[in-house]
Participant: 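Okay, here's the structure, questions in a sec.
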Amino acid sequence: MNVRSDFPALKQNIHGKPVVYLDTAATSLKPQAVIDRVNLFYSLENANVHRGAHQMSQIATQNYEDARAAVAKFIGADTDEIIFVRNTTEGINLVAHSFAENNLQSEDQILLTELEHHGNIVPWQLVAAKKNLKIQVVPITADNILNEDILNEKLKGPVKLFAFTACSNALGVLTDAESYCKKAKAQGIYTLIDAAQLVSQKKIDVRKLDCDFLVFSAHKIFGPTGIGVLYVRKNLLSMMPPYQGGGSMIKEVKFSGTTFQDGPLKFEAGTPHIAGAIGLHSALDYFSGLDLQQVQDHEHALMKKAYAGLKEIKSAKIYTPFEKTNCAPILSFNLGKFHSSDVATILDQQGVEVRAGHHCNQPLMSAMKVSGTVRASFSIYNNSDDVERFLTAVQKAESFLL
């Protein structure tokens, strides 16, 4: 894909070498269009939203709410089902403490999987401890794929809420979100989808998925950091009390009591990340202007080449089950018994930027019997030369460490 010139970060050198950015799973680079749009807001449109009678405030409010409408359209939701949050993690915390804490009863079960990011584990542990709830976990198989047989059995049990990732941030494994939601709904189980990694991989339609909650972060799809999205099925909003209190989310405040806004505004206390929402709108416009099939084909080709090349490196142990199941362009591996951080440091010296460590997936790492992995993740702005640079850097790391 010919989009590299859209991303100014790729014009720089790292340690004297042209940068190869392979850390999109942590955060995507930003296209110039998004940078310019955020800059325009701060330069000429900067004002607070929802409260001002002056024109600049009205413009900011219109742009902020236009962003909400754009998100709703992007995932097939209604505008009043979209709540702006800081990130995927805050969205999950909101559901845990507003919905689960107020609608689940002692001994009720929450189902998670071994593929989950800490952001989809710790919030449920906190509310479980508070409400005496039980957490069940679907394990992975020896191939690092979710164990579907155990999942199906657990969905027949006394589970009230199933929270799962649609795409593993550590392994790239794509789960069958639509099927999982269908099975859960048949048992009267609420579903939450962590779509942080999925949002740039597949078309999301919450009606087709038939999920109750879905969360993602703008910075995973070429937007700003500090802004995320929580989709809540409309009929559930009335079952959820405010998560935080303050300005904007109220109708009337008296010392004798407070009444709250309806819909998503009930959950957006205080001044929101206005520039973030506007930047997200620009990012969605940018991404929607691409051919999704071309995006998928391009990233799959990069992943296929990187996987095949890594298999030829003697000491490489690959954890991403690319040949066994559908995977996003996220490739996790180690070199022999060497620490992932040591490998990543050597790659960085060659201008190749990857992630190392447990990737906020310590239970998954424990299941795979490693402390962490090296993770290379590819995106629309990477090309075949990047893969060659990556493989050469790994070979140099192997020769240096062995």
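Heads up: numbering here begins at 1 and tracks the sequence.
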Participant: Can you measure from CZ (Arg355) to OG1 (Thr27) and round to the nearest 0.5 angstrom?
Facilitator: 9.0 Å
Participant: Using a cut-off of 6.0 Å, state whether more than 12 heavy atoms not belonging to Lys183 lie near its atom NZ.
Facilitator: yes
Participant: Calculate, to the nearest 0.5 Å, the distance between atoms CG and CG belonging to Asp342 and Leu347 respectively.
Facilitator: 11.5 Å
Participant: Taking 4.0 angstrom as the limit, do Glu107 and Lys160 come out as a salt bridge?
Facilitator: no
Participant: Any donor and acceptor pair, going by atom type alone, linking the side chain of Arg375 with main-chain N or O of Ala356 inside 3.5 Å?
Facilitator: no
Participant: Kindly say whether Arg86 contributes a backbone atom to a donor-acceptor pair with the side chain of Glu90 at under 3.5 angstrom?
Facilitator: yes
Participant: Strictly by modelled atom types, are Thr113 and Glu116 linked by a side-chain donor-acceptor pair under 3.5 Å?
Facilitator: yes
Participant: Test side-chain contact (heavy atoms from CB on, under 4.5 Å) on Glu153 and Asp149; report intermediate values, then the result.
Facilitator: CA-CA 6 Å; Glu153 285 301 312; Asp149 292 336; 6.0 Å; no
Participant: Would you tell me whether Ser379 and Tyr21 have side-chain atoms, one donor and one acceptor, within less than 3.5 Å of each other?
Facilitator: no
Participant: Verify, without hydrogens or angle tests, whether Ser98 (side chain) and Pro241 (backbone) share a donor-acceptor contact under 3.5 angstrom.
Facilitator: yes
Participant: Enter the distance from Thr165:OG1 to Leu174:CG here, rounded to the nearest 0.5 Å.
Facilitator: 9.0 Å
Participant: Do Glu398 side-chain atoms and Ser315 backbone N/O form a donor-acceptor pair below 3.5 Å?
Facilitator: yes
Participant: Of all the heavy-atom pairs spanning Thr320 and Ile330, show the shortest one and how long it is.
Facilitator: OG1-O, 3.1 Å
Participant: Would you tell me whether Ser377 and Thr24 have side-chain atoms, one donor and one acceptor, within less than 3.5 Å of each other?
Facilitator: no
Participant: Ignoring hydrogens and geometry, is there a side-chain-to-backbone donor-acceptor pair from Thr79 to Ala69 under 3.5 Å?
Facilitator: no
Participant: Check whether any side-chain N or O of Asp143 sits under 3.5 Å from a backbone N or O of Ile145 as a donor-acceptor pair, and report yes or no.
Facilitator: no
Participant: Taking the side chain as everything from C-beta on, heavy atoms only, tell me whether Gln296 gets closer than 4.5 Å to His300.
Facilitator: no
Participant: Kindly assign one of parallel, tilted or perpendicular to the pair His50 and Tyr64, based on the angle between their ring planes and the thresholds 30° and 60°.
Facilitator: perpendicular
Participant: A quick test of your reading: do over 12 heavy atoms of other residues, nucleotides or ligands sit less than 6.0 Å from NZ of Lys305?
Facilitator: yes
Participant: Say whether, by atom type as modelled, one donor and one acceptor occur between the side chain of Lys266 and the main chain of Met240 under 3.5 angstrom.
Facilitator: yes
Participant: Any chance CD of Gln12 has more than 12 other-residue heavy atoms, nucleotides or ligands included, within less than 6.0 Å?
Facilitator: yes
Participant: Taking atom types as modelled, find out whether His359 and Thr373 have a side-chain donor-acceptor pair closer than 3.5 angstrom.
Facilitator: yes
Participant: Kindly determine whether Gln294 and His298 satisfy side chain to side chain donor-acceptor pair (under 3.5 Å), including the steps that lead there.
Facilitator: CA-CA 6 Å; Gln294 287 185 10; His298 175 74; over 6 Å; no
Participant: Let me know which of Tyr231, Phe99, Phe164 forms a ring-ring contact (aromatic ring centres under 6.0 Å, His included) with Phe213.
Facilitator: Phe99
Participant: May I ask you to check whether over 12 heavy atoms, not counting those of Asn2, lie within 6.0 Å of atom CG?
Facilitator: no
Participant: For Gln201 and Glu299, test the side chains for any donor-to-acceptor distance below 3.5 angstrom and give the result as yes or no.
Facilitator: yes
Participant: Would you say Arg389's side chain and Val352's backbone share a donor-acceptor pair under 3.5 angstrom?
Facilitator: no
Participant: With a 4.5 Å cut-off on side-chain heavy atoms, are Glu81 and Ile75 touching?
Facilitator: no
Participant: Where is the tightest heavy-atom contact between Ala277 and Ala67, given as atom of each residue plus distance?
Facilitator: O-CB, 3.3 Å
Participant: Just how far is it from atom CG of Asn326 to atom CG of Asp176, taken to the nearest 0.5 Å?
Facilitator: 9.0 Å
Participant: Assess the residue pair Phe287 and Val199 against the criterion (side-chain contact (heavy atoms from CB on, under 4.5 Å)); give the C-alpha distance rounded to whole Å, side-chain angles, the decisive distance to 0.1 Å, and a yes or no.
Facilitator: CA-CA 10 Å; Phe287 187 72; Val199 67; over 6 Å; no
Participant: Please identify each residue that fulfils side chain to side chain contact (heavy atoms under 4.5 Å, CB included) with Asp80, with sequence neighbours left out.
Facilitator: Asp78, Lys234, Pro264
Participant: If you apply the rule side-chain contact (heavy atoms from CB on, under 4.5 Å), what do you find for Asp6 with Gln32, and how did you get there?
Facilitator: CA-CA 6 Å; Asp6 295 341; Gln32 191 65 53; 5.8 Å; no
Participant: Can we say Lys208 and Glu178 salt-bridge, meaning some charged N sits less than 4.0 Å from an Asp/Glu carboxylate O?
Facilitator: yes
Participant: Taking the six-membered ring for Trp, are Phe222 and Tyr286 parallel (under 30°), tilted (30 to 60°) or perpendicular (over 60°)?
Facilitator: perpendicular
Participant: Counting heavy atoms not belonging to Lys304, are there more than 12 under 6.0 Å from its NZ?
Facilitator: no
Participant: Output the distance between atom CG (Asp348) and atom NZ (Lys17), rounded to the nearest 0.5 Å.
Facilitator: 10.0 Å
Participant: Ion pair present between Asp262 and Lys251, side-chain N to carboxylate O less than 4.0 angstrom?
Facilitator: yes
Participant: Considering only NZ, NE, NH1 and NH2 on the basic side and carboxylate oxygens on the acidic side, decide whether Asp386 and Arg4 come within less than 4.0 Å.
Facilitator: yes
Participant: Identify the heavy atoms of Asp210 and Thr191 that sit nearest to each other, and give their distance.
Facilitator: O-OG1, 4.2 Å
Participant: Starting from the C-alpha separation in whole Å, work towards a yes-or-no answer on salt bridge (Lys or Arg N to Asp or Glu O under 4.0 Å) for Asp212 and Lys185.
Facilitator: CA-CA 9 Å; Asp212 295 301; Lys185 189 171 185 179; over 6 Å; no
Participant: Does the side chain of Lys317 come within less than 4.5 Å of Lys337's, by heavy atoms?
Facilitator: no
Participant: Taking all non-hydrogen atoms of both residues into account, name the closest pair between Pro31 and Pro8 and its distance.
Facilitator: C-CD, 4.5 Å
Participant: Looking only at side chains, do Tyr180 and Glu148 share a donor and an acceptor under 3.5 Å apart?
Facilitator: yes
Participant: Where is the tightest heavy-atom contact between Ala166 and Ile193, given as atom of each residue plus distance?
Facilitator: CB-CG2, 3.8 Å
Participant: Please identify each residue that fulfils side chain to side chain contact (heavy atoms under 4.5 Å, CB included) with Ala376, with sequence neighbours left out.
Facilitator: Leu22, Val354, Phe378, Phe390
Participant: Any side-chain heavy atom of Ile121 sitting closer than 4.5 Å to one from Gln362?
Facilitator: no
Participant: Quiz question: by atom type and distance under 3.5 Å, do the side chains of Asn103 and Tyr190 form a donor-acceptor pair?
Facilitator: no
Participant: Can any side-chain N or O of Asn169 pair as donor or acceptor with the backbone N or O of Ala26 at less than 3.5 Å?
Facilitator: no
Participant: Before giving the answer on side-chain contact (heavy atoms from CB on, under 4.5 Å), spell out for Ile59 and Phe41 the whole-Å C-alpha distance, their side-chain angles and the decisive distance to 0.1 Å.
Facilitator: CA-CA 10 Å; Ile59 291 172; Phe41 170 77; over 6 Å; no
Participant: Any idea which heavy atoms bring Gly372 and Asn334 closest together, and the distance?
Facilitator: O-ND2, 3.0 Å
Participant: So does Glu323 pair up with Lys311, basic N to acidic O under 4.0 Å?
Facilitator: yes
Participant: Would you indicate whether Lys203, at its atom NZ, is surrounded by more than 12 heavy atoms from other residues, nucleotides or ligands within a distance under 6.0 Å?
Facilitator: yes
Participant: Mind checking the CD1-CD1 spacing from Ile221 to Ile204? Nearest 0.5 Å is all I need.
Facilitator: 7.5 Å
Participant: Got Ser366 and Met368 here, is their nearest side-chain heavy-atom distance under 4.5 Å?
Facilitator: no
Participant: For His15, does its backbone N or O pair with a side-chain atom of Gln349 as donor and acceptor, under 3.5 Å?
Facilitator: no
